[in-house]
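Data block below; observations after.
Numbers restart at 1 for each chain; the letters A, B, ... are given by sequence-line order, proteins then strands. This is a predicted model, so every value here is computed, not measured.
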Amino acid sequence: MIDLVQLRKEPDVVRAALGRRGVSPALVDELVTIDVEHRRLLQEAERLRAEIKSLSRQVGDARRAHDTQRAEELSAVSRELGEEEARAGADADAVADRLREIWLSLPNLPSPDAPDGVDEHDNVEVRRWWRGLEDGAGFPEFGPHQRVPHWDVGRELGILDLEAGAKLAGSMFPLFRGAGSRLIRALGAFALDRHADAYEEIRPPTFALTETMQSTGHLPKSVDDMYAIERDGLWAIPTAEVPLTSMHRGEILEESRLPVRMTALTPCFRREAGAAGRDTRGLLRVHEFDKVELFAYCTPDQAPAAHADILERAEGLLRELGLTYRLLDLCAGDLGTSSARTIDLEVYSPGVDRWLEVSSVSWFRDYQSRRANVRYRRADGTTALVHTVNGSALAWARIWAALVETYRQPDGSVELPAVLAPYLGGRTTITRPA
RNA sequence: GGAGGGAUGCCAGAGCGGACGAAUGGAACGGUCUUGAAAACCGUCGUGGGCUUGCUCACCGUGGGUUCGAAUCCCACUCCCUCCGCCA
C-alpha cells in the first residue's frame, strides 16, 4: 500500500508518479476525497464514543451511591447516544471499506530511477553477458546442433515427458524424468549452497492464507493468476516471496538484526490464464516450476545494497552456468504492482531463439511492509516500516531449457557445465538412452 | 476425526462486568552507590489512528452479540497443549 500521509501532503506527487504507470488520476482523487470523508466520520463516531464512556462511568458512580434514579437517567441518555454512535460507526465503516478497497488496489509508486514507458517494449536493456566476454569474445555463434528446441531435446534424451505431465495434471505441467529430473534437483541444490553464506535457508509451506497473499500484493490484484484450494481457504504460492515476506508479519525487528536475509527453494504455481500458443510451448511458460528465491528485510539505507547483492548473486549463477543473458531495467508501465524498481534477467536460449525471463529482482520500498506491517525499531526507540527486496536466483524450468539447448553437442548429447558435477553424481553428460 | 484444557504487554503471569491499557515478577534501558563490577535502591519501559499537541479513540487470539458500560458474559471461528483414533 502507498503511504496515505504522503498522499495527504503531496497528492500531486502521488498522482504524477502513479500516472507514469497508467493509474487514472481520478482514482487517486477519489482516494483523497474518501480519506477526508473517512476521517470526518471517524471523528464524529469517536466523539460520541468518548461521551458514552464518560456517561457509563457516571452510571457506575451513581449505582455505588445507591442513587438509582440518577443511574437510570444517565443510562437512558447513554442508550440514545449509543444508537447514534452505532449509525456513525456504520457510516465510518462503510467508507473505510471503500477506502481500503481502493488503497489495496493501487500499485506502488515507481522509483524516479525507473525508465519511462508503458509496456515491455519500453524496458531498457542495461547490458549483456556471454561466456568469453571478458576476454574480448563477440556475442556467441550458435551451431545448428544448438538450434533444437528443448522439447525435442528432452524427448530425444528421455528427460522431459510433457505428455505424461499433461496426462496427470493437464497441459503446462511438465514432468521431468531420469537425468532431467536430477538436473532440476541439482540446480536447486547448487543455488541454495551458493547463497548459504549470507541467506538463511527456509523451506516454507507451499500454500498460504489469503492474508499472506495480500501482504505481498498478489491479492486482490492477481486473483485470476492464482490457484486456490477453496475448501480450505488456501492459495498455492506463485513464488517463495509470498511466505518469506510474511515471515515477520506484524512484528517489530531490532535494527541491529537487519538486514534479515532468507532464501527458499519452492515450487511456484501460476495459472497463466489466457496464455496459450507459441509463447507457451515446452517449458517457456508452465503452471508449476521450481525456483530459488532470495529475500531481505532491511532499512531504507540498506535497500540499494541488498538489491544489488541479489542481482549479483543471480548473475553470478548464470555466469557459473555459462549461459548468455541480458539485464532489463523495467519501465514504469511494466513494473509489477508492488515494485518500485525491478531489474529482469533474461537468458538466451538458442534452440527456441528467445530471451527467457529467469529472474526479477525488485525493490518494494515500504509498499509490502505496510501491508504486512513489518517494522523495525531504531536505536532511538522510534519505529519505521522496513523495506523489502527480493529476486529469483533462479527459476529453474527455463534454465533447464536454456541449458539443454546451449550445451547440446553435435552428436545429440548434452554436456552440462562442470560446476554442476557435484550435484549430478559426477555425470555431466546426458546421452540418448540405449 | 473424537474428548478436554488454554490464548492477556519483550517473557512469565494476575485480573473473570464499573477509573483496566491492564497488578506482580523477570528481562531491557537510564540513574544513585562503587576504584570497577555485582547486589541494593530510584526511575523508564506496548502499538497504531484522529485532531484544535493536549486531548481523544482503538487494540487483552479473530469475528459477531448482550449491556449505560466488556480483557471479564454469550455465540462462531482460528491456533496451541493433553489424551484417543488414523497416518507418511
Side-chain angles (χ1 to χ4, degrees), chain A residues 1-9 31-100 102-104 203-215 219 229-235 243 246-258 260 267 297 366 368-386:
Chain A
M1 292 183 273
I2 63 165
D3 182 5
L4 281 187
V5 174
Q6 185 191 11
L7 179 70
R8 285 168 204 158
K9 277 205 290 235
L31 188 61
V32 171
T33 309
I34 287 180
D35 177 49
V36 170
E37 176 70 358
H38 176 242
R39 279 180 292 156
R40 191 183 67 76
L41 291 169
L42 205 58
Q43 272 178 62
E44 175 63 8
E46 284 184 358
R47 187 186 62 76
L48 290 163
R49 186 88 197 125
E51 207 164 325
I52 290 167
K53 283 178 80 162
S54 154
L55 281 169
S56 294
R57 254 176 251 134
Q58 295 174 47
V59 171
D61 291 343
R63 280 269 152 74
R64 266 186 297 279
H66 302 292
D67 189 344
T68 313
Q69 194 191 334
R70 180 162 166 73
E72 283 304 320
E73 283 169 14
L74 290 167
S75 291
V77 176
S78 184
R79 205 176 303 129
E80 265 178 55
L81 281 178
E83 285 168 26
E84 231 181 290
E85 190 241 339
R87 276 194 299 275
D91 289 349
D93 286 350
V95 173
D97 285 349
R98 178 67 185 140
L99 175 79
R100 191 170 173 76
I102 298 178
W103 196 14
L104 273 176
R203 176 51 251 227
T206 306
F207 301 118
L209 300 168
T210 299
E211 196 182 349
T212 308
M213 296 288 283
Q214 275 180 355
S215 296
L219 288 178
I229 301 175
E230 284 183 44
R231 186 171 68 171
D232 298 298
L234 291 169
W235 304 81
S246 281
M247 275 281 287
H248 292 289
R249 187 169 69 215
E251 296 179 19
I252 300 173
L253 306 169
E254 291 304 324
E255 181 169 12
S256 58
R257 284 184 60 195
L258 299 176
V260 171
Y297 292 113
D366 57 12
Q368 292 182 326
S369 59
R370 184 171 289 109
R371 287 179 173 232
N373 193 23
V374 184
R375 288 163 292 169
Y376 70 101
R377 193 184 310 280
R378 300 196 193 92
D380 66 7
T382 60
T383 59
L385 293 165
V386 300

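Contact annotation for A:Ser75: base contact, defined as any heavy-atom pair under 4.0 Å involving a base atom.
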*Where each pair must be Watson-Crick or G-U wobble with both distances under 3.5 Å, what dot-bracket representation of RNA chain B is obtained, with crossing pairs in [ ] and other-strand partners as |?*
((((((((.[[[..)..(.....]]].(((((.......))))).((((((..)))))).[[[[[..)....]]]]])))))))....

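Looking only at distances, a side-chain donor or acceptor of A:Asp67 sits under 3.5 Å from a matching main-chain atom of A:Arg70. A:Tyr297 places a side-chain N or O within 3.5 Å of a backbone atom of A:His248 that can act as its donor or acceptor partner. Side-chain N or O atoms of A:Trp103 include one that pairs as donor or acceptor with a backbone N or O of A:Ile2 at under 3.5 Å.
Look at the P atom in both B:A37 and B:C45: the space between them is 25 Å, to the nearest Å. To the nearest whole angstrom, the two P atoms, one in B:C41 and one in B:C80, are 42 Å apart. Rounded to a whole angstrom, the distance from the P atom of B:G65 to that of B:A70 is 13 Å. Spacing of C1' atoms, B:A14 relative to B:C83, comes out at 29 Å, to the nearest Å. Comparing B:C60 with B:C16, their C1' atoms sit 12 Å apart, to the nearest whole Å. Rounded to whole Å, the separation between the C1' atoms of B:U32 and B:C59 comes to 37 Å. If you take atom P in B:G4 and the same atom in B:A76, they sit 13 Å apart, rounded to whole Å. Nucleotides B:G64 and B:G9 have their C1' atoms positioned 26 Å apart, rounded to a whole Å.
With contacts defined as side-chain heavy-atom distances shorter than 4.5 Å, the pair A:Asp35/A:Arg8 qualifies. With a 4.5 Å cut-off on side-chain heavy atoms, A:Arg64 and A:Asp61 count as touching. A 4.5 Å side-chain heavy-atom check between A:Glu251 and A:Val374 finds every atom pair outside the cut-off.
Rounding to whole angstrom units, NE2 of residue A:His66 and C1' of B:G18 are separated by 14 Å. At whole-Å resolution of the value, CD in A:Glu254 and P in B:C11 are 13 Å apart. The distance from atom CD of A:Gln58 to atom C1' of B:C68 is 11 Å, rounded to the nearest whole Å. One can place CG of A:Leu81 at 10 Å from P of B:G69, the figure rounded to the nearest angstrom. Atoms CD (A:Glu83) and C1' (B:C68) sit 12 Å apart, rounded to a whole Å. Rounded to a whole Å, the CG atom of A:Leu253 is 13 Å from the P atom of B:C10.
Under a 4.0 Å N-O distance rule, the pair A:Arg257/A:Glu254 does not qualify as a salt bridge. Checked for salt-bridge contact, A:Asp97 and A:Arg100 miss the test: no charged N lies under 4.0 Å from a carboxylate O.
Between atom CG of residue A:Leu99 and atom CG of residue A:Leu104 there is a gap of 9.5 Å, rounded to the nearest 0.5 Å.
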All N/O pairs under 3.5 Å across the protein-nucleotides 75-81 of chain B interface:
none

N/O to N/O distances under 3.5 Å, protein versus nucleotides 62-66 of chain B:
none

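Under the 3.5 Å distance criterion, with hydrogens and angles disregarded, a donor-acceptor pair is assigned to the side chains of A:Asn373 and A:Arg375. At a cut-off of 3.5 Å, with distance as the only test, a side-chain donor of A:Thr212 or A:Arg249 sits close to an acceptor on the other residue.
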*Passes side-chain contact (heavy atoms from CB on, under 4.5 Å), A:Ile34 versus A:Val32? Steps please.*
CA-CA 6 Å; A:Ile34 287 180; A:Val32 171; over 6 Å; no

Counting only pairs under 3.5 Å, give me each side-chain donor-acceptor contact of residues 71-89 of chain A, with atom names and distances, residues two or more places apart or in other chains.
residue, atom, partner, partner atom, Å
A:Glu72, OE2, A:Arg63, NH2, 3.3
A:Glu73, OE2, A:Gln69, NE2, 3.2
A:Ser75, OG, A:Ala71, O, 2.9

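When the shell of 6.0 Å around CD of A:Glu211 is examined, it contains 12 or fewer heavy atoms from other residues, nucleotides or ligands.
Checked against side-chain contact (heavy atoms from CB on, under 4.5 Å), A:Ala384 has the following partners two or more places apart in sequence or in another chain: A:Tyr376, A:Arg378.
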*Summarise how protein sits on nucleotides 47-59 of chain B as a single string, 5' to 3': B when a protein heavy atom is under 4.0 Å from the base, S for sugar-phosphate-only contact, - for no contact.*
SSBSS----SSS-

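The residue among A:Gly60 and A:Ile52 whose nearest nucleotide of RNA chain B is located toward the 5' end is A:Gly60.
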